[in-house]
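In what follows, chains are A, B, ... by sequence order, proteins preceding strands, each numbered from 1.
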Amino acid sequence: MTPRRILVTSALPYANGPIHLGHLVEYLQTDIWVRFQKLRGNQCIYVCADDTHGTAIMISAKKAGVKEEEFIAKMSEEHQRDFAGFGIEFDNYGSTHSEENRVLCHEVWAALLEAGLIKEKDVTQLFDPVAGTFLADRFVKGTCPNCKSPNQYGDNCDKCNATYSPTDLIDPVSALSGATPELRTATHLFVELEQLREFLIEWTQSGEHLQPEVANYLKGHFLSNPLRDWDISRPGPYFGFEIPGYPDHYWYVWFDAPIGYMASTQQWCDRHGEEFDTWWRDPETEIHHFIGKDITYFHTLFWPGMLKSAGFNLPTKVHIHGFLTVAGEKMSKSKGTFIKAETYLKHLDPAYLRYYYASKLGPRLDDLDLNFEEFQNKVNADLVGKVINIASRCAKLVHKTGLSATYPEDGGLFAAGAKLGEEIAAAYENCDFAKATRLIMELADAANLYVDTQTPWKLAKDPDQAQQLQDVCTVTLNLFRQIVVYLAPVLPRLAQRTRELLHAPLASWNESQTPQAGTPVAEFKHLMKRIDPKDILAMIDDSKEPEAKALEAGDKTATAAAHHPADSAEPLLAEPLAPECSIDDFAKVDLRVARVLAAVEVPDARKLLKLTLSLGGEETRTVFAGIKAAYQPERLVGRLVIMVANLAPRQMKFGLSEGMVTAAGAGGTEVFLLSPDEGARPGHRVH
RNA sequence: GGGACCGUAGCUCAAUGGUUAGAGCAGGGGACUCAUAAUCCCUUGGUUGCAGGUUCGAGUCCUGCCGGUCCUACCA
């Protein structure tokens, strides 16, 4: 079979934050797949790059007080260090802020113009005169035009769920500078995707390039109606590439990011004397993108559209995976489950995570849960207890003699393992690593059973049985070697150590098909350590934010830490101070202490709890509060809260709300109700 | 509000429409003692989310509910 030529990419990590365990699902999945392809003898290169453009980078660089170029250079260095730490081996790691990328952006752009896909439209947006930049929706806050709730984001209100344009906000404030934004109109450039509709339907629905659920999703979600024009330009100032012929207009980050795949390939080609066109214009070449489900539509509609229009190869397959949850929930900084790659590596062997993810990754888009108990059990039981144990039981017994000169009779065990190889390979190819590892563990079980029935430890006591002992160990170590070949894409370091132990090349999948004999066996050293649960706990503790740690230390001791807490600046940055107001303004708001008499869930409401509040005596109020995600109703009953007692009643979908309870926090599960100190009684006014 | 996906043992997952729904881990019992408290054997555990339908036959296909995840929102 002639080797395939395969180009593989992972999504470009945004140069705005560190790599964490969520990112690693994708990079490990891709790395395993690439290593598998290489092991099979295919020509395969894995390219990636940092995604460096856009408003968020500008803001972060500003906050850090450095130039964008400096900021992204440091980030790229950290990313590459973390990836290397996990054994993720890129053939080239570039940056979207590279000359190669700029040149390719120009080329694609020219092709889109040529194809008549570009059109201009005026867009009116809020502009921050202090920061000197246009404001994306999430950078504008103000009062909801519908329900008058303050501090709502630019495009929708999480109090009343209304949607609107940021220009409709009452008293809008820039989240960047706190300034009042003004309306400005600028020309934007759009790609008329609708022109590519026929092609996109054919490409997405052919059944070859996408997982079936993704094809369905696109069909139901986008392709059944006219495709909206895609806004691919941003007026300056913007960190990115300027668009030729449009001074002070820049390509939107999602335009140049996927072109970064090509730019990174270009760099690889330059270093290896290869032709770029071999990889992006030769239809014999396969292109495989690995991405998360959140960026599906960029990679399955815009990107193929751009490639098609510019005459490049289309992706052979887009492999889409789900998200990582930790202990069944989204990663959380306060719970210590937002674990950075760097933190993990300080405490644990990367092989553990490579194997654990592999054992749970299927070909579909299901989310993957990291459960620490399972993580420990699985790694210790499968890798150390089953796989490593095979070598550990026999290697010492043949260190002096080496393997038998010819491979002995083994009852067909090795041949059966060799035969299973095709099934394992098919599972890898199909990204069903869970199946691959399951099959491999069957082989490990068979090998351990073989050792049990052959009792080499008994043979070792009888000098007359020396040949028999050597033969049993030769079989066992060959079964081990076969398993290590199959696991090599997942566990390259184990392969490396086994290479030294058995003097086996372990460079090709084919080695799983023929046994090895007559070779020396090195002194046995532990190939992998068991996971110590203490290390997991230390890693979690290390991942907690300082405030959360102080809280956990307990009420009595927390005060000591709380005197000088290392409070992060993040909350204030997320929501800058409101414009100054007078004491009279404040006096208009009548805040009262109230007791929660009843709290019930509202059927059908996603965020609301219905509260009955007492202001003392017979005076009660019904309030709908958006705190369902943060509080269990039964735990609220009886407690005191601070309510806005003179707020105009508001008719909501589920009934009349006669006030508002006060709470701090970002929303969602991050909601913290205010309550008075001991002694306050319902009806007391807050001054 | 719309859409996509998911729901199988305590947990993680299998099962081309075809025997009595299977593995691993965890739990219980035993064996072994070479091996990193590893391994091997036996074993407990299920109304396949619920209700209908199609079929000789449904975990699997269809419809409707319920629950979860994600994507989107004067769109789909």
Side-chain angles (χ1 to χ4, degrees), chain A residues 137 146 155-157 161-165 168 194 197 210-229 292-298 300-301 320-325 327-330 356-357 359-362 364-398 427 432-435 437-442 444-461 469 472-473 476 480 524-532 603-604 606 653:
Chain A
D137 292 352
N146 182 28
D155 50 356
N156 77 315
C157 169
N161 275 330
T163 55
Y164 40 80
S165 154
D168 297 332
E194 180 61 15
R197 169 191 205 74
L210 301 173
Q211 288 132 299
E213 58 266 51
V214 176
N216 279 344
Y217 158 71
L218 294 172
K219 197 170 155 190
H221 211 257
F222 297 102
L223 294 167
S224 51
N225 271 65
L227 292 158
R228 279 185 297 176
D229 296 335
K293 62 183 174 181
D294 52 330
I295 53 175
T296 297
Y297 91 137
F298 292 105
T300 56
L301 296 176
I320 305 180
H321 60 80
F323 295 146
L324 179 74
T325 56
E329 297 176 16
K330 276 188 183 169
Y356 181 73
Y357 280 176
S359 77
K360 299 193 67 157
L361 271 169
R364 289 189 304 199
L365 284 75
D366 306 332
D367 288 350
L368 185 157
D369 187 49
L370 167 56
N371 174 295
F372 292 113
E373 194 187 341
E374 187 197 30
F375 172 72
Q376 183 194 324
N377 278 337
K378 195 153 212 161
V379 169
N380 286 349
D382 286 3
L383 288 186
V384 185
K386 288 182 181 176
V387 176
I388 304 291
N389 191 39
I390 300 165
S392 181
R393 301 175 87 172
C394 285
K396 282 176 201 160
L397 302 174
V398 281
D432 195 348
F433 303 162
K435 184 174 182 185
T437 54
R438 215 165 42 238
L439 292 170
I440 295 167
M441 285 312 128
E442 283 177 21
D445 286 342
N448 273 309
L449 181 55
Y450 173 80
V451 178
D452 265 39
T453 54
Q454 299 298 318
T455 61
W457 59 93
K458 284 182 186 162
L459 301 175
K461 287 173 187 159
L469 173 67
V472 167
C473 291
T476 306
F480 175 70
F524 183 76
K525 287 180 278 190
H526 277 190
L527 298 168
M528 192 181 291
K529 245 181 47 189
R530 299 172 64 77
I531 295 184
D532 184 341
D604 302 334
R606 273 159 58 191
K653 185 172 169 189

_Return the CD1 to CZ distance between A/Ile531 and A/Phe375, rounded to the nearest 0.5 Å._
4.0 Å
*Calculate the interatomic distance between A/Asp452 atom CG and B/G30 atom P; express it in whole Å.*
18 Å
*Please give, in whole Å, the distance from B/C71 P to A/Leu210 CG?*
19 Å
*If you check every side-chain atom of A/Asn448, which of B/U33, B/C40, B/A4 has the closest atom?*
B/C40
*Would you indicate whether the side-chain heavy atoms of A/Phe480 and A/Leu527 approach each other to under 4.5 Å?*
yes
*Quantified in whole Å, what is the P atom distance between nucleotide B/G53 and nucleotide B/C42?*
42 Å
_A/Ser359 side, atom OG; A/Ile440 side, atom CD1 - distance, nearest 0.5 Å_ = 11.0 Å
*So what does A/Tyr297 touch, heavy atoms closer than 4.0 Å: a base, only the sugar-phosphate, or nothing?*
nothing
*Look at the side-chain N and O atoms of A/Arg364 and state whether any lies under 4.0 Å from the OP1 or OP2 oxygen of B/C6.*
yes
_Need to verify one output field. Residue with the more 5' nearest nucleotide on RNA chain B, A/Asn216 or A/Asn380?_
A/Asn216
*In whole Å, what is the span from the CD atom of A/Glu374 to the P atom of B/G27?*
14 Å
*asked:* Distance check needed: B/C13 P versus A/Arg438 CZ, whole Å only.
replied: 11 Å
*Nearest-nucleotide wise, let me know which of A/Asp369 and A/Val384 is further upstream toward the 5' end of RNA chain B.*
A/Asp369
*Looking only at atom C1', what distance separates B/G52 and B/C66, rounded to whole Å?*
15 Å
*Using atom P of each nucleotide, how far apart are B/U55 and B/U43 to the nearest Å?*
40 Å
*asked:* Could you tell me how far apart A/Asn389 (CG) and B/A35 (C1') are, to the nearest whole angstrom?
replied: 5 Å
_Categorize A/Asp445 for me: base, sugar-phosphate, or nothing, with a 4.0 angstrom heavy-atom threshold over every strand shown._
sugar-phosphate
*asked:* Listing request: all salt bridge (Lys or Arg N to Asp or Glu O under 4.0 Å) pairs with a residue in residues 211-221 of chain A, at least two apart in sequence or in separate chains.
replied: none
*Selection from B/G24, B/U36, B/U33 that lies nearest to any side-chain heavy atom of A/Lys386*: B/G24
*A/Lys360 side chain: which of B/C70, B/C13, B/A35 is closest?*
B/C13
*If you check the A/Lys378 side chain, which of B/A4, B/C40, B/U12 turns out closest?*
B/U12
*Rounding to the closest angstrom, what is the interatomic distance between B/A51 and B/U69 at atom C1'?*
24 Å
*Decide yes or no for A/Asn448 and A/Ile390: does some side-chain heavy atom of the first lie under 4.5 Å from some side-chain heavy atom of the second?*
yes
*Can you tell me how far P in B/C6 sits from the matching atom in B/U47, rounded to whole Å?*
23 Å
*Does the side chain of A/Lys386 reach to within under 4.5 Å of the side chain of A/Asn389, using non-hydrogen atoms?*
no
*Which part of the nucleic acid does A/Leu527 contact within heavy-atom distance under 4.0 Å: base, sugar-phosphate only, or nothing?*
base
_Whole-Å gap separating P (B/C13) and CG (A/Asp367)_ = 10 Å
*Specify the separation, in whole Å, of atom CH2 of A/Trp457 and atom C1' of B/U33.*
8 Å
*Find out whether A/Asp367 and A/Lys293 are in side-chain contact, i.e. whether some heavy atom of one side chain is under 4.5 Å from a heavy atom of the other.*
yes
_Using side-chain heavy atoms (C-beta onward) and a distance below 4.5 Å, is A/Val472 in contact with A/Tyr450?_
yes
_Using atom P in both nucleotides, what's the gap between B/G22 and B/C32 to the nearest angstrom?_
31 Å
*If the C1' atom of B/A21 is compared with that of B/C62, how far apart are they to the nearest Å?*
22 Å
_Among B/C70, B/U36, B/C5, the nucleotide that comes nearest once only the side chain of A/Glu213 is considered_ = B/C5
*State whether A/Arg393 places a side-chain N or O below 4.0 Å from either non-bridging phosphate oxygen (OP1 or OP2) of B/A38.*
no
*What is the nucleic acid contact for A/Arg228, judged by heavy atoms within less than 4.0 Å: base, sugar-phosphate only, or nothing?*
base
*asked:* With a 4.0 Å cutoff (strictly under), does any side-chain N or O of A/Asn377 reach OP1 or OP2 of B/G24?
replied: no
*Taking NZ, NE, NH1 and NH2 as the nitrogens, is one of them in A/Arg393 or A/Asp452 under 4.0 Å from a carboxylate oxygen of the other?*
yes
*Tell me what A/Leu365 touches on the nucleic acid: a base, only sugar-phosphate, or nothing, going by heavy atoms under 4.0 Å.*
nothing
*asked:* Mind checking if A/Met528 touches a base, just sugar-phosphate, or nothing, with heavy atoms under 4.0 Å?
replied: base
*With heavy atoms under 4.0 Å as the rule, sort A/Lys435 into base, sugar-phosphate or nothing.*
nothing
_Separation of the C1' atoms in B/G24 and B/U39, to the nearest angstrom_ = 16 Å
*In Å, rounded to the nearest 0.5 Å, how long is the span from CD of A/Gln211 to CG of A/Asn216?*
11.5 Å
*Please state how far atom NE2 in A/His321 lies from atom P in B/A4, giving the value in whole angstrom units.*
22 Å
*Using Watson-Crick and G-U wobble pairs whose two distances are both under 3.5 Å, how do you write the pairing of RNA chain B as dot-bracket, with | for links to another strand?*
(((((((..((((....[...)))).(((((.......))))).....(((((..]....))))))))))))....
*asked:* Starting the side chain at C-beta, find the nucleotide from B/C5, B/C71, B/U36 nearest to A/Ile388.
replied: B/U36
*Which part of the nucleic acid, if any, lies within contact of A/Ile390, taking any heavy atom under 4.0 Å across all strands shown: a base, the sugar-phosphate backbone alone, or nothing?*
nothing
